[in-house]
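To start, the structure under review is shown below, and the notes come after it.
None of the values given here were measured: they were computed from a predicted structure.
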Amino acid sequence: MSLDSVKQFFNEHAADIQVIETTESTATVVLAAQVHQVEPGQIAKTLSLKVGDKVVLLVARGDARLDNKKLRTAFGTRVKMLDLESTEALTGHPVGGVCPFGLATPLEIYCDLSLQDYDTVLPAAGSINSAVRITPQRLAELTSAQWIDVTQPPQVQS
């Protein structure tokens with residue numbers, strides 16, 4: 001059902017974007033980067049956050065870490081990760097396939113500025129083996145997302 005809702009979203013709003021389905025799991029940033037042969041940062045992870053009494057989705061580059069101080073500044077309150085069951089119930093997508101498209105419940109969407117480090121990114125598409133290739137700007141436009149800065153720069157591997 002979830003993958004179907006994402007496909008329907010793109011059919012209605014961006015028919016030029018095709019959902020990529022794989023036979024391998026892309027449920028984690030590392031797996032998705034390997035399958036799609038891109039840097040982990042190009043995987044656009046979607047996080048479900050509890051902000052006060054509401055839930056929002058944040059899309060950020062795959063290798064970025066949340067910065068609690070920046071989150072508090074951006075949202076004006078403490079922010080917590082939503083539990084797995086609530087995430088799936090609200091988005092309609094299984095964990096590992098959560099994305100800002102074809103949602104079961106309308107949610108506010110935020111895109112972290114870190115996504116703009118890439119010309120194209122690959123968010124999941126409603127299942128643990130699907131994604132779409134999209135520009136960060138188009139992702140934000142299609143989901144009516146607001147741009148914010150709430151992550152730490154990725155750590156350089158030595």
Side-chain angles (χ1 to χ4, degrees), residues 1-49 55-67 70-71 74 79 81-82 84 87-157:
M1 177 66 185
S2 181
L3 176 61
D4 291 337
S5 71
V6 173
K7 286 181 177 179
Q8 181 178 342
F9 175 90
F10 283 107
N11 284 337
E12 293 174 7
H13 303 285
D16 60 307
I17 297 177
Q18 299 300 308
V19 172
I20 304 163
E21 294 181 73
T22 68
T23 56
E24 300 173 72
S25 174
T26 55
T28 67
V29 168
V30 172
L31 289 173
Q34 290 171 350
V35 169
H36 294 292
Q37 299 180 349
V38 297
E39 297 175 32
Q42 276 185 272
I43 302 303
K45 62 184 175 185
T46 303
L47 305 172
S48 305
L49 304 176
V55 174
V56 303
L57 295 182
L58 171 69
V59 186
R61 62 182 278 166
D63 58 359
R65 295 177 49 99
L66 293 177
D67 183 312
K70 287 182 177 182
L71 281 166
V79 176
M81 294 289 289
L82 195 64
L84 303 180
T87 295
E88 188 165 353
L90 287 170
T91 65
H93 305 316
V95 172
V98 176
C99 64
F101 317 110
L103 297 170
T105 307
L107 298 170
E108 287 183 40
I109 312 294
Y110 294 86
C111 286
D112 186 73
L113 292 174
S114 64
L115 289 173
Q116 295 178 5
D117 292 343
Y118 296 98
D119 293 334
T120 60
V121 294
L122 288 98
S127 72
I128 62 165
N129 64 333
S130 64
V132 294
R133 191 175 290 268
I134 190 169
T135 67
Q137 293 73 21
R138 186 102 184 266
L139 187 157
E141 288 168 14
L142 287 171
T143 61
S144 300
Q146 297 177 52
W147 287 102
I148 58 174
D149 178 15
V150 293
T151 60
Q152 301 170 359
Q155 300 297 316
V156 176
Q157 300 291 328

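Rounding to the nearest 0.5 Å gives a distance of 12.0 Å between CD of E39 and CG of L122. Here I134 contributes atom CD1 and T143 contributes atom OG1; the two are 8.0 Å apart, rounded to the nearest 0.5 Å. The CG atom of L142 sits 11.5 Å away from atom CD1 of I109, with the distance rounded to the nearest 0.5 Å. Taking CE of M81 as the start and CG of L49 as the end, the distance is 6.0 Å to the nearest 0.5 Å. Remark: L82 CG to E88 CD distance equals 11.5 Å, nearest 0.5 Å. Taking CG of L58 as the start and OG1 of T151 as the end, the distance is 8.0 Å to the nearest 0.5 Å.
Considering only heavy atoms from C-beta on, F101 comes within 4.5 Å of V132 through its side chain. Contact of the L139 side chain with the C111 side chain is registered, since non-hydrogen atoms from C-beta on lie closer than 4.5 Å. Between L66 and V79, the closest side-chain pair of non-hydrogen atoms is not below 4.5 Å. Side-chain atoms of L103 and L57, non-hydrogen and from C-beta on, do get closer than 4.5 Å to each other. The closest side-chain heavy-atom distance from T46 to H93 is not below 4.5 Å. A 4.5 Å side-chain heavy-atom check between F9 and P100 finds every atom pair outside the cut-off.
Contact record, A124 with C99: O-CB, 3.0 Å, taken as the closest heavy-atom pair. When all heavy atoms of G126 and P94 are compared, the closest pair comes out as O-CD, 3.3 Å. Closest non-hydrogen pair, A27 versus S25, comes out as N-OG, 3.2 Å. Closest non-hydrogen pair, V150 versus A74, comes out as CG1-CB, 3.7 Å. Between L31 and T28, the shortest heavy-atom contact is N-OG1, 3.1 Å.
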Should S130 and V6 be marked as a side-chain contact (heavy atoms from CB on, under 4.5 Å) after you check the CA-CA gap, both sets of side-chain angles, and the distance that decides it? CA-CA 10 Å; S130 64; V6 173; over 6 Å; no

Take R61 and D112, measure what side-chain contact (heavy atoms from CB on, under 4.5 Å) needs, and give me the verdict at the end. CA-CA 8 Å; R61 62 182 278 166; D112 186 73; 5.7 Å; no

D63/V29 under side-chain contact (heavy atoms from CB on, under 4.5 Å): CA gap, chis, key distance, verdict: CA-CA 8 Å; D63 58 359; V29 168; 5.7 Å; no

Test log, rule side-chain contact (heavy atoms from CB on, under 4.5 Å), inputs Q18 and R133: CA-CA 8 Å; Q18 299 300 308; R133 191 175 290 268; over 6 Å; no

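In summary, D149 and K70 engage in a salt bridge, as defined by a charged side-chain N under 4.0 Å from a carboxylate O. Salt-bridge formation is detected for the pair E21/K7: a Lys NZ or Arg NE/NH1/NH2 atom is positioned less than 4.0 Å from an Asp or Glu carboxylate oxygen.
Residue E24 places its CD atom among 12 or fewer non-hydrogen atoms of other residues, nucleotides or ligands, all under 6.0 Å distant.
With Q42 contributing its side chain and T120 its backbone, the two residues share a donor-acceptor pair below 3.5 Å. A donor-acceptor pair is defined here as one N or O able to donate and one able to accept, closer than 3.5 Å; no such pair exists between the side chain of S127 and the backbone of L3.
Take Q8 and apply the side chain to side chain donor-acceptor pair (under 3.5 Å) test, not counting sequence neighbours, and it matches E12.
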